Amino acid sequence: MAQNLDALRLALQHSPDNAPLLMLFADACLDEGLMDEAEQSFQHVLKNDPANADARLGLARVALLQGKTSQAAVRAEQIISDTPSCAAAYLLLARIHITEGDRSKARAMYDKGIALNRSLADPGIEKDLHGVKPPEEETSGRKRGAMTSSGSFMESVSDDNDDDSHPRGGAAFDLGLADFEKPKLNFSGVGGMEALKEEIRMKIIYPLQHAELFKAYDKKVGGGVLLYGPPGVGKTLISKATAGEIKANFIALGLHQILDMWIGNSEKNMHEVFELARQNAPSILFFDEVDALAADRRDLRQSAGRNLINAFLAEMDGAESNNDGVLILGATNAPWHIDPAFRRPGRFDRTLFVPPPDEAGRAAIIEVMAQKKPIGELDPRALAKKTEGFSGADLKAVFDIATEEVMNEVMRTGKVIPLNTKDLIKAAGRHKATTKAWFESAKNYAMYSNQSGFYDDVLKHLGLMKR
Ligand SMILES: Nc1ncnc2c1ncn2[C@@H]1O[C@H](COP(=O)(O)OP(=O)(O)OP(=O)(O)O)[C@@H](O)[C@H]1O
Ligand SMILES: [Mg+2]
């Protein structure tokens with residue numbers, strides 16, 4: 001465990017603003033009882049993303065563990081009022097009420113949490129609440145979630161619909177078949193993004209599908225493409241869909257696998273991953289949150305971590321092996337942390353900016369999302385108009401909030417109530433777009449360190465450069 005913590009600490013020196021990494025580190029600190037470090041890390045996440053419910057929940061957990069119960073309660077209640085669909089916040093509040101000795105309030109909160117997300121059922125809380133009835137509403141008709149040993153109330157609030165493109169590894173790096181697939185998702189499952197899809201077709205799909213034409217001109221097929229953009233705009237989603245679109249083999253390495261390499265025998269694993277991709281060409285090797293690996297921290301060149309980075313660069317160069325037909329995709333929302341060495345020819349030498357969706361794009365995403373919900377009357381255009389600056393993840397939050405709104409009624413009547421445009425527009429009013437903060441950082445980099453036009457697309461998007 002302590003070894004894990006050290007590896008996370010090292011990775012963080014390397015990529016200090018990486019939110020998922022900060023969250024992992026903070027959780028590990030909580031497990032080890034390192035409250036101050038946990039608190040600082042949650043605060044750090046919130047500095048860049050003030051609405052992050054996971055990090056806010058983390059601070060409430062810290063307060064509870066420090067015995068500051070009323071502070072913990074205030075924090076948890078605020079999360080619920082801002083993000084009513086945050087099941088984990090109800091469970092934390094249940095814990096707090098148990099600590100305060102109010103078991104019937106605890107029961108009410110616990111039941112609400114479980115109604116939102118059954119997989120959070122917590123045997124520990126169930127045991128504490130055994131035989132306790134909630135104060136108000138009668139809940140006897142409601143089935144409670146089954147107890148699962150894996151369901152813990154500490155689970156991430158955004159886990160329920162998580163994209164599965166980056167399976168989580170254990171402590172040891174294990175490249176099983178689970179990491180290797182031909183995704184079913186293709187471009188039709190990704191709303192909007194028409195311009196980006198076209199660019200991907202030209203820069204990625206066409207070359208991979210017509211390798212012989214490219215060979216005739218002695219042009220290599222493959223290499224590296226870096227996708228960057230604000231959080232939640234669909235970088236991970238479109239990467240997976242790209243592989244699905246061409247039925248290429250897709251090997252995805254998420255933050256967890258990258259960290260496992262930091263901990264374990266890294267260079268060998270790095271080599272094996274590339275070999276697997278080469279043997280299965282045409283294939284896409286996807287490094288999600290690639291800044292955890294490729295961050296620009298010169299001091300690290302001296303340290304042990306440098307070996308892993310050098311191994312990665314050597315594999316990318318394909319100096320010793322042939323990378324033909326292997327496309328390396330990287331995604332990041334902190335491109336400014338990427339070491340320029342990673343962007344040299346033959347490495348991530350092509351970049352694609354993934355902007356937040358425009359109005360038509362939002363309407364398309366809304367249509368894709370609506371397919372998974374009971375919908376009455378829906379005017380995607382009208383909702384798109386009211387959601388300027390919203391990312392795909394923000395739109396997903398809008399659907400979650402609207403769902404939560406009707407949930408009480410659904411449970412009372414036992415009937416499915418369809419969502420309508422007006423419910424969704426109302427929900428949109430309760431959610432703030434998360435892409436703005438990103439553009440503030442990006443704008444500074446784009447204006448003051450726009451080497452070789454790296455950020456031109458950001459400047460164009462902001463209207464600061466002609467298209
Ligand atoms: N174009 C889209 N069509 C449908 N759903 C989308 C789209 N864009 C984003 N989403 C939804 O938003 C969620 C977040 O998208 P994704 O994880 O791909 O974003 P990301 O850009 O990789 O974010 P991060 O930078 O935080 O890793 C997806 O799981 C999906 O539900
Ligand atoms: Mg992602």
Side-chain angles (χ1 to χ4, degrees), residues 15 17-24 45 48-49 51-55 85 156-168 183 185-197 200 226-245 250 252-258 286-293 329-338 352-373 380 383-384 387 389-400 403 431 433-435 437-439 441-442:
S15 187
D17 293 330
N18 184 314
L21 191 57
L22 280 161
M23 291 300 295
L24 278 177
V45 173
N48 296 326
D49 177 11
N52 188 311
D54 281 317
S85 58
S156 157
V157 292
S158 52
D159 252 349
D160 48 353
N161 272 325
D162 238 0
D163 189 284
D164 60 351
S165 62
H166 32 126
R168 290 167 188 196
L185 178 76
N186 59 24
F187 281 175
S188 63
V190 179
M193 298 189 156
E194 295 311 329
L196 183 71
K197 284 175 185 168
I200 291 179
L226 182 68
L227 299 174
Y228 75 97
V233 290
K235 298 182 293 297
T236 301
L237 195 71
I238 192 92
S239 303
K240 194 171 181 181
T242 300
E245 191 70 15
F250 186 64
L253 281 92
L255 187 60
H256 289 258
Q257 279 95 349
I258 294 176
F286 175 52
F287 289 85
D288 209 354
E289 317 272 353
V290 72
D291 51 296
L293 185 71
L329 269 187
T332 178
N333 50 33
W336 35 83
H337 286 321
I338 304 260
L352 290 174
F353 170 54
V354 186
D358 60 9
E359 198 177 301
R362 291 195 298 278
I365 295 174
I366 290 162
E367 278 183 55
V368 168
M369 290 184 175
Q371 286 164 8
K372 296 183 192 153
K373 304 269 182 193
L383 180 57
T387 46
F390 278 43
S391 68
D394 288 330
L395 292 173
K396 191 161 155 242
V398 168
F399 275 87
D400 285 348
T403 305
H431 183 84
T434 55
T435 59
W438 188 89
F439 275 107
S441 302

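Whatever order the structure lists ligands and atoms in, that order sets their numbers, starting from 1. Everything numeric in this text was worked out from a predicted model, so none of it was measured.
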Engineer: Would you say K396 has any N or O atom under 3.5 Å from an N or O of ligand 1, going by distance alone?
Structural biologist: no
Engineer: Which value, rounded to the nearest 0.5 Å, describes the distance between M193 atom CE and L237 atom CG?
Structural biologist: 7.0 Å
Engineer: G189 versus ligand 1: do any nitrogen or oxygen atoms come within less than 3.5 Å of each other?
Structural biologist: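 Such a contact does not occur with ligand 1.
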Engineer: Please report whether ligand 1 has a polar contact with A393, defined as an N or O pair separated by less than 3.5 Å (distance criterion only).
Structural biologist: yes
Engineer: For ligand 1, find out whether one of its N or O atoms is nearer than 3.5 Å to an N or O atom of G232.
Structural biologist: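 Between G232 and ligand 1 (N or O atoms, distance only) the closest approach is under 3.5 Å.
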Engineer: May I ask you to decide if the ring planes of W336 and W438 are parallel, tilted or perpendicular, using 30° and 60° as cut-offs?
Structural biologist: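 W336 and W438: tilted rings.
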Engineer: Could you list which atoms of ligand 1 come closer than 4.0 Å to a heavy atom of I365?
Structural biologist: 1 (N), 2 (C), 3 (N), 4 (C)
Engineer: Taking the side chain as every heavy atom from C-beta outward, state whether K240 and F250 have any pair of such atoms under 4.5 Å apart.
Structural biologist: yes
Engineer: Is G191 close to ligand 1, meaning an N/O of one under 3.5 Å from an N/O of the other?
Structural biologist: yes
Engineer: Answer yes or no as to whether an N/O/S atom of N333 is found below 2.8 Å from the Mg ion (ligand 2).
Structural biologist: no
Engineer: Hey, what do you get for CG (N52) to CG (L22), rounding to the nearest 0.5 Å?
Structural biologist: 10.0 Å
Engineer: So, is T236 polar-close to ligand 1, with some N/O to N/O distance under 3.5 Å?
Structural biologist: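 Yes, since at least one N or O of T236 sits under 3.5 Å from an N or O of ligand 1.
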Engineer: Which pairs count as salt bridge (Lys or Arg N to Asp or Glu O under 4.0 Å) when at least one residue sits in residues 226-239, sequence neighbours excluded?
Structural biologist: none
Engineer: For S391 and D394, does a side-chain donor sit closer than 3.5 Å to a side-chain acceptor?
Structural biologist: yes
Engineer: When you compare ligand 1 with P231, is there at least one nitrogen or oxygen pair between them that comes in under 3.5 angstrom?
Structural biologist: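 No; every N/O pair is 3.5 Å or more apart.
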